Amino acid sequence: MAAAAPSIEKAVRGVTSAPVLDFLKRPKNLLIGGKWVPAKSGKTFETINPANEEVLALVAEGDKADVDEAVKVARKAYEEGKWPNIGPHQRARYLFKIAELIEAHADELAILETLNNGMAISLARGMVAGAAEVFRYYAGWTTKIYGETNPSDPSMFNYTLREPVGVCGQIIPWNGPIAMFAWKIAPALACGNVSILKPAEQTPLTALRLGELVLEAGVPDGVVNIITGFGETAGAAIASHPDIDKVAFTGSTEVGKLILQASAGNLKRVSLELGGKSPNVIFADADLESAVSTSMFGFCMLSGQVCCAGTRVFVQQDFQDTFVDALTRYTSKFKASDPLDPKTTVGPLVSREQFERVKSYLELGKKEGATPVLGGEVTSGKGYFVDPAIFTGVKNNMRIAQEEIFGPVAAIIPFKDENDAVLQGNDTTYGLAAAVWTKDVSRAHKVARALKAGTVWVNCYNNIDPISPFGGYKQSGIGRELGKYAIDLYTQIKSVYVKL
Ligand code: NAP
Ligand code: MG
């Protein structure tokens, strides 16, 4: 059923940026073979502004039929060599151009991201700048993807070629749409692959705008295709498609397992960046001021809707009163508020579903016997606003300490010594990230080594640089994105023997 056109003015409340309003007024179609087309079914779905629950736009609801079409044109673009056979210097130029265009449209992209996701505008600006950096970083890689010559038998000349994987399906979540677009598309293109990307149903807008910029950069038709739609239909069609060579997924561990199963049909290569419940370990000798402010950022950035959020805060017993008191006082200054206000740090959650989920965990925490020393209640009204909450009296085996809440909720858990911190910190099915706070250099390195996580921060949190790998131990994922490691995800190796 065709829905009524939304009232953009009501949804954007106060935003006057002409490029944003123009974009919102344009139809939101699928990008297939360089053209913007409606879904074959003709269906659309609403995308909303989580700060006021108003409809921002109607978006094409792509499904299996559209994925099939996108795979066909992507395959053609790949096999005809439109992208893989463009020389590396030229490919670099396209990636540099995309980075430039992202920067030229930074304001527009950041506002759109905030309108659709609810993240604080200051964070959205940072994410846009970061995305441009990721494209530049991989532009640099295009000319540095080497094979090797191998010391084989003298009668033979043996060398390896590093070749693209082919047609990649890339499924991204709602919690950092612009960043996730860059993490997926930039390395895939740098290595000569073509892509079919599906943004999350909650946040399709910036991927569509970025799709326009990719075309503006001159990337050939069919190299980047974007299918908006739902996970159960469009996403599942990508994961199980017999002619997609690789699938890269970021999202929940639960869906990650479905992707892995669906990919078995044609043995796709799979990389998964999944959930987390990351330990942030505070020793009594930590610098109180920076441990407090950064730990708050660790569990409140993007309202805690971050896979690597530091939501299990382990504090050394003797230090607990001092630390919790300071953390509570500091965090109480940050109320969830209008994400478009440059002074805002904590915006609304992304959706009604996420709001209900976080609310239920706040109740669960109390039922499990933990004490909310800050927050813990949700007021009603328009928008999915949840103030930061801190629970004490948490045991590591409670559900609020083990399950990914994806909201600004910290569980404070005491520990005795180094050994106890590591044992409890690692006592989780996840292993995406961890942090340790101490002035003792040896202890910092020892604990960093002992924590089972893909990223460990020492006296800092949430730092991510495209030069360094990101991904999970245990059920937090398979493979590493960013850095030279993404080159492994998006290339395959051929060994060539030449008889001399
Ligand atoms: P999700 O379902 O895992 O969504 C991630 C992406 O996968 C979305 O594009 C989604 O499409 C798609 N998808 C869903 N089901 C699929 C299927 N069967 N086959 C292929 N693709 C599928 O995550 P969510 O529903 O947005 O959030 C649920 C929970 O996941 C959150 O509360 C949070 O705990 C966790 N999460 C983790 C991360 C992370 O970065 N690690 C990111 C997001 C969410 P739709 O948008 O249509 O669902
Ligand atoms: Mg979902």
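Remember, it's 1-based here, ligands and their atoms both numbered in the order they're listed. From a predicted model like this one, the values you see are computed outputs, not experimental measurements. Atoms considered below: every heavy atom in the structure, side chains included; atoms not considered: hydrogens, waters and symmetry mates.
If you check each of Glu353, Glu273, Lys198 against atom 10 (C) of ligand 1, the one with the closest non-hydrogen atom is Lys198.
Using modelled atom types and a 3.5 Å distance limit, the side chains of Asp68 and His241 yield a donor-acceptor pair. Between the side chains of Thr44 and Lys28, no donor N or O sits under 3.5 Å from an acceptor N or O. One side chain, Lys246 or Ser271, offers a donor N or O that lies under 3.5 Å from an acceptor on the other.
Of the residues Asn116, Ile226, Leu56, the one that meets the side-chain contact (heavy atoms from CB on, under 4.5 Å) test with Pro204 is Asn116.
When the shell of 6.0 Å around NZ of Lys366 is examined, it contains more than 12 heavy atoms from other residues, nucleotides or ligands. The neighbour count for Tyr485 OH, taken as heavy atoms of other residues, nucleotides or ligands under 6.0 Å away, does not exceed 12.
The shortest contact between atom 7 (O) of ligand 1 and any protein heavy atom is with Phe249 CE1, 3.1 Å. Among protein heavy atoms, atom 34 (O) of ligand 1 sits closest to Glu404 OE1, 2.9 Å. The nearest protein atom to atom 46 (O) of ligand 1, hydrogens excluded, is given as Glu201 N, 2.8 Å; this is a heavy-atom distance. When only non-hydrogen protein atoms are considered, atom 13 (N) of ligand 1 lies nearest to Gly231 CA, 3.3 Å. Nearest protein heavy-atom contact of atom 12 (C) of ligand 1 is Ile171 CG2, 3.7 Å. Annotation: atom 2 (O) of ligand 1 to nearest protein heavy atom, Val255 CG2, 3.4 Å. When only non-hydrogen protein atoms are considered, atom 39 (C) of ligand 1 lies nearest to Cys307 CB, 3.4 Å. The nearest protein atom to atom 38 (C) of ligand 1, hydrogens excluded, is given as Phe406 CZ, 3.4 Å; this is a heavy-atom distance.
Heavy-atom proximity to Trp174, at under 4.0 Å, picks out these atoms of ligand 1: 24 (P), 26 (O), 27 (O). When each atom of ligand 1 is checked for a heavy atom of Ser252 under 4.0 Å away, the hits are 1 (P), 3 (O), 23 (O), 29 (C), 30 (O), 35 (C), 36 (N), 37 (C). Using a 4.0 Å cut-off to heavy atoms of Ile172, the atoms of ligand 1 that qualify are 6 (C), 8 (C), 9 (O). Counting atoms of ligand 1 from 1 in the listed order, those under 4.0 Å from a heavy atom of Gly235 are 19 (N), 20 (C), 21 (N). Interface of Arg357 with ligand 1, defined as ligand atoms under 4.0 Å from a residue heavy atom, comprises 32 (O), 34 (O). Heavy-atom contacts of Pro173 reach the following atoms of ligand 1: 42 (C), 43 (C) (cutoff under 4.0 Å). Each of the atoms 41 (N) of ligand 1 lies under 4.0 Å from some heavy atom of Gly275. Residue-ligand proximity, Thr250 to ligand 1, at heavy-atom distances under 4.0 Å covers atoms 5 (C), 40 (O).
Polar contact check, Leu274 against ligand 1: a nitrogen or oxygen pair lies under 3.5 Å apart. Taking only nitrogen or oxygen atoms, main chain and side chain alike, Phe230 does not reach within less than 3.5 Å of ligand 1. Residue Gly251 has at least one nitrogen or oxygen atom sitting less than 3.5 Å from a nitrogen or oxygen atom of ligand 1, judged on distance alone. Any N or O atom pair closer than 3.5 Å counts here, and Gln354 shares at least one such pair with ligand 1. Checking only distances, Glu232 never comes within under 3.5 Å of ligand 1, N or O to N or O.
The closest approach between Gln202 and ligand 1 falls below 4.0 Å for a heavy atom of the residue.
Checking side-chain atoms of Gln305 against main-chain N and O of Leu302 turns up a donor-acceptor pair under 3.5 Å. Within the 3.5 Å criterion, the main-chain N or O of Ala239 finds a donor-acceptor partner in the side chain of Lys268. With Glu368 contributing its side chain and Arg399 its backbone, the two residues share a donor-acceptor pair below 3.5 Å. Distance alone, capped at 3.5 Å, is enough to place a donor-acceptor pair between the Trp457 side chain and the Asn463 backbone. Gln492 places a side-chain N or O within 3.5 Å of a backbone atom of Pro164 that can act as its donor or acceptor partner.
Residue Leu349 holds its CG atom at 11.5 Å from CG of Asn175, rounded to the nearest 0.5 Å. Remark: Glu403 CD to Tyr361 OH distance equals 3.5 Å, nearest 0.5 Å. Rounding to the nearest 0.5 angstrom, the gap separating the CZ atom in Arg136 from the CD atom in Glu103 is 4.0 Å.
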